[in-house]
2 protein chains.
Amino acid sequence: MSKKEVVHLYKKVIEDLKSLIEKGEYKKGDLLPSENDLCKSYDTTRVTIRQALSALANQGYITRKHGKGSIVSEPKTGLGILSLSGVTAGVGDQKLTTSILQKPIKREWPDNFFYKLDERESDAGCIFFSRLRFINSVPVLYEETHITNIDLPHFSSRNLENRSLFKILKDNYKIEVKEGEQKIWAIHADKNISALLNIKTTHPIVHMKRRLQTNNKELRIYSSLYCNTEENFLQDSF
Amino acid sequence: MSKKEVVHLYKKVIEDLKSLIEKGEYKKGDLLPSENDLCKSYDTTRVTIRQALSALANQGYITRKHGKGSIVSEPKTGLGILSLSGVTAGVGDQKLTTSILQKPIKREWPDNFFYKLDERESDAGCIFFSRLRFINSVPVLYEETHITNIDLPHFSSRNLENRSLFKILKDNYKIEVKEGEQKIWAIHADKNISALLNIKTTHPIVHMKRRLQTNNKELRIYSSLYCNTEENFLQDSF
DNA sequence: TAATTTAACTTGTATATACAAGATGTTTTT
DNA sequence: AAAAACATCTTGTATATACAAGTTAAATTA
């Protein structure tokens with residue numbers, strides 16, 4: 001016997017439409033089928049369809065216009081996802097490379113971890129990895145990540161170099177970032193960081209610690225990062 | 001004849017409950033009246049009440065628990081609201097003071113403004129002001145703010161020293177921040193900033209530029225800030 | 001007493017329906 | 001030809017109802 005048998009209709013509508021939007025079958029500015037059309041397609045009533053559409057609107061996939069329809073929105077960059085941008089316009093993704101300094105390993109949480117952990121989290125242990133990101137072969141950002149050690153099949157063997165952690169979590173485990181908090185400092189690089197980022201110790205860098213909550217309440221993402229913002233900057237949306 | 005005559009029932013329920021939560025009549029962890037109780041109070045049906053409750057849940061005022069009820073959430077610090085926190089625990093608000101260097105004035109947008117403006121925004125002009133924030137009488141953060149010049153009665157004369165801009169906008173004009181983006185750099189202070197923050201020009205500081213969208217699509221908030229994070233740090237939630 | 005069952009609450013999902021109100025193109029009137 | 005009216009789309013608000021499923025405490029049973 002399988003665990004989840006009933007899939008609720010409104011959830012199916014959400015998933016279907018999301019997937020069509022993400023596949024690009026509905027592009028930005030397009031109108032989704034009208035509520036009544038969707039009612040016919042799914043053999044249901046407007047209340048159910050509207051439940052799905054309002055969820056999609058809330059998640060930023062569409063905006064709804066009275067008398068007009070459901071308009072597909074700009075694809076979200078993703079809540080809390082930091083992007084690195086060049087000050088000179090048009091730094092394409094191809095110039096961004098990543099090297100994994102520490103592959104994901106299961107371990108205990110560090111002593112005196114920078115965020116307070118709840119009991120369940122503490123018992124579960126964590127998965128740790130660290131990455132160094134380059135723009136045009138210049139090291140720009142060093143990041144250490146701890147995530148709660150819940151069962152994520154094959155996570156350790158996934159390629160964290162080319163794809164963002166967030167995309168992996170979403171595509172493979174349906175985990176999305178819901179909210180978070182971050183603390184920001186400007187500091188001078190210490191020996192370690194100055195070596196990694198190939199800068200002088202008098203060079204100002206951004207230090208950021210962040211905690212991200214996901215739609216899986218068991219799983220939180222913690223990261224501590226150091227960024228040389230001389231030629232680039234950190235950007236995020238919320 | 002007044003303009004808005006029909007107030008929709010579900011909106012009234014939202015406003016009523018919001019107000020009770022904000023006044024503290026329902027505190028964090030409390031249960032709101034059940035859906036059926038609310039149905040009786042407002043002489044309506046569950047569909048309407050649930051429309052209101054799901055909006056409140058979406059805005060973070062409550063979380064809903066199947067079989068249990070609507071639980072009042074931790075009051076949100078507010079989307080995109082930066083807070084200054086001391087590295088030493090427990091920097092109370094009383095130690096935070098603000099001085100207004102430039103009182104709000106209406107003016108044209110600066111040339112080459114750091115974010116691109118749309119036409120309507122550009123035509124409207126802006127309200128500009130700048131503030132310097134102190135912790136324990138030490139200057140820590142300098143902020144320049146531009147907001148779109150829409151009609152905000154008496155805004156210029158409001159006291160920006162003791163209350164946050166966000167609180168003023170919410171309480172007096174029902175304007176809330178919906179989303180935003182920010183860019184972050186670590187830099188060395190220039191002459192101006194080093195004088196304002198009373199630091200050496202070799203001191204690393206955080207420079208941040210942000211654009212915030214509000215529930216009034218005519219009004220955006222732009223700010224550019226410089227922060228000495230030696231004894232404190234910048235924190236925000238999203 | 002301790003474990004189990006039941007009852008009574010809660011929210012979740014769903015159907016069926018009605019009318020209001022915004023958007024838009026067509027038809028009629030001026 | 002321009003303006004007004006209309007028809008027909010769309011989403012928005014609302015009522016009324018039914019049963020499923022999670023939670024909790026009381027009642028029953030062992």
Side-chain angles (χ1 to χ4, degrees), chain A residues 1-18 20-21 26 28-73 215-218, chain B residues 1-18 20-21 26 29-73 215 217-218:
Chain A
M1 300 206 193
S2 79
K3 252 204 294 195
K4 302 176 191 174
E5 288 168 40
V6 280
V7 249
H8 295 295
L9 184 51
Y10 84 100
K11 286 186 178 167
K12 178 155 171 47
V13 177
I14 292 174
E15 291 312 315
D16 288 355
L17 291 174
K18 244 191 217 184
L20 288 168
I21 291 170
Y26 293 111
K28 184 196 167 189
D30 287 358
L31 286 175
L32 293 187
S34 77
E35 294 180 358
N36 281 319
D37 286 351
L38 290 168
C39 286
K40 283 170 204 151
S41 304
Y42 288 93
D43 190 28
T44 182
T45 55
R46 279 185 67 212
V47 180
T48 298
I49 292 298
R50 284 179 63 80
Q51 193 179 354
L53 291 175
S54 88
L56 286 173
N58 252 307
Q59 291 168 43
Y61 285 85
I62 59 174
T63 57
R64 318 202 64 209
K65 270 263 159 64
H66 190 178
K68 194 82 189 294
S70 298
I71 302 159
V72 176
S73 306
N215 54 356
N216 180 331
K217 63 179 184 298
E218 315 260 311
Chain B
M1 301 209 191
S2 78
K3 250 203 298 193
K4 302 176 191 174
E5 289 168 39
V6 281
V7 249
H8 296 295
L9 185 51
Y10 85 101
K11 286 187 178 166
K12 178 157 171 47
V13 176
I14 292 174
E15 291 310 316
D16 287 355
L17 292 173
K18 244 190 215 182
L20 288 168
I21 290 170
Y26 293 112
D30 287 358
L31 286 175
L32 293 187
S34 76
E35 294 179 357
N36 281 318
D37 286 351
L38 290 169
C39 286
K40 285 170 203 151
S41 304
Y42 287 93
D43 191 29
T44 182
T45 55
R46 278 185 67 213
V47 179
T48 299
I49 292 298
R50 283 178 63 80
Q51 193 178 358
L53 290 175
S54 86
L56 286 173
N58 251 306
Q59 292 169 41
Y61 284 87
I62 59 174
T63 57
R64 319 202 64 206
K65 270 261 158 66
H66 190 176
K68 193 84 190 292
S70 298
I71 303 159
V72 176
S73 305
N215 53 357
K217 63 179 185 298
E218 314 261 312

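Below, read A as the first sequence line, B as the second, and so on, with proteins coming before strands; counting in each chain starts at 1.
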Specify the closest pair of heavy atoms between B/C39 and B/T45, including all atoms of both residues, with the distance to one decimal. SG-C, 3.4 Å
Estimate the overall bend of the helix from C/dT1-D/dA30 to C/dT30-D/dA1 from the end axes over five pairs each, rounded to 10 degrees. 10°
Among B/L31, B/I71, B/I21, the one residue meeting side chain to side chain contact (heavy atoms under 4.5 Å, CB included) with B/Y26: B/I21
Result for 5'-nearest mapping on DNA chain C, choosing between A/K68 and A/K11, is A/K11
Is the shortest heavy-atom distance from the side chain of A/Y61 to the side chain of A/S70 under 4.5 Å? no
Partner of B/L17 under side chain to side chain contact (heavy atoms under 4.5 Å, CB included), chosen from B/V72, B/I62, B/L56: B/L56
Under 4.0 Å from OP1 or OP2 of C/dG22: is there any side-chain N or O of A/K65 that close? no
Heavy-atom closest contact (A/R64 atom, A/L53 atom, distance): NH2-CD1, 3.1 Å
A/L9 near the nucleic acid: base, sugar-phosphate alone, or nothing, with a heavy-atom cut-off under 4.0 Å? sugar-phosphate
Its 5'-most and 3'-most nucleotides having an atom under 4.0 Å from a non-hydrogen atom of chain A, DNA chain D is contacted over D/dT10 to D/dT13
Nearest whole Å is fine: how far is C/dT10 P from B/I71 CD1? 14 Å
Within the 4.0 Å heavy-atom criterion, would you say A/H66 contacts the bases, only the backbone, or no part of the nucleic acid? base
State, yes or no, whether a side-chain contact exists between B/V13 and B/T48 at a heavy-atom distance under 4.5 Å. no
Kindly state which residues belonging to residues 45-52 of chain B come within less than 4.0 angstrom of DNA chain D, counting heavy atoms of the residue only, listed by number. B/T45, B/R46, B/V47, B/T48, B/Q51
Can you give me the closest heavy-atom contact between A/R46 and A/N36, atom names plus distance? CD-OD1, 3.7 Å
Heavy-atom closest pair, residues A/G60 and A/S73: O-CB, 3.4 Å
Could you report the tightest heavy-atom contact between A/I14 and A/A55, atom names first, then the distance? CD1-CB, 3.6 Å
Do you know the tightest heavy-atom contact between A/A52 and A/Y10? CB-O, 3.6 Å
For the atom pair CG (A/L38) and CG (A/L32), what is the distance rounded to the nearest 0.5 Å? 7.0 Å
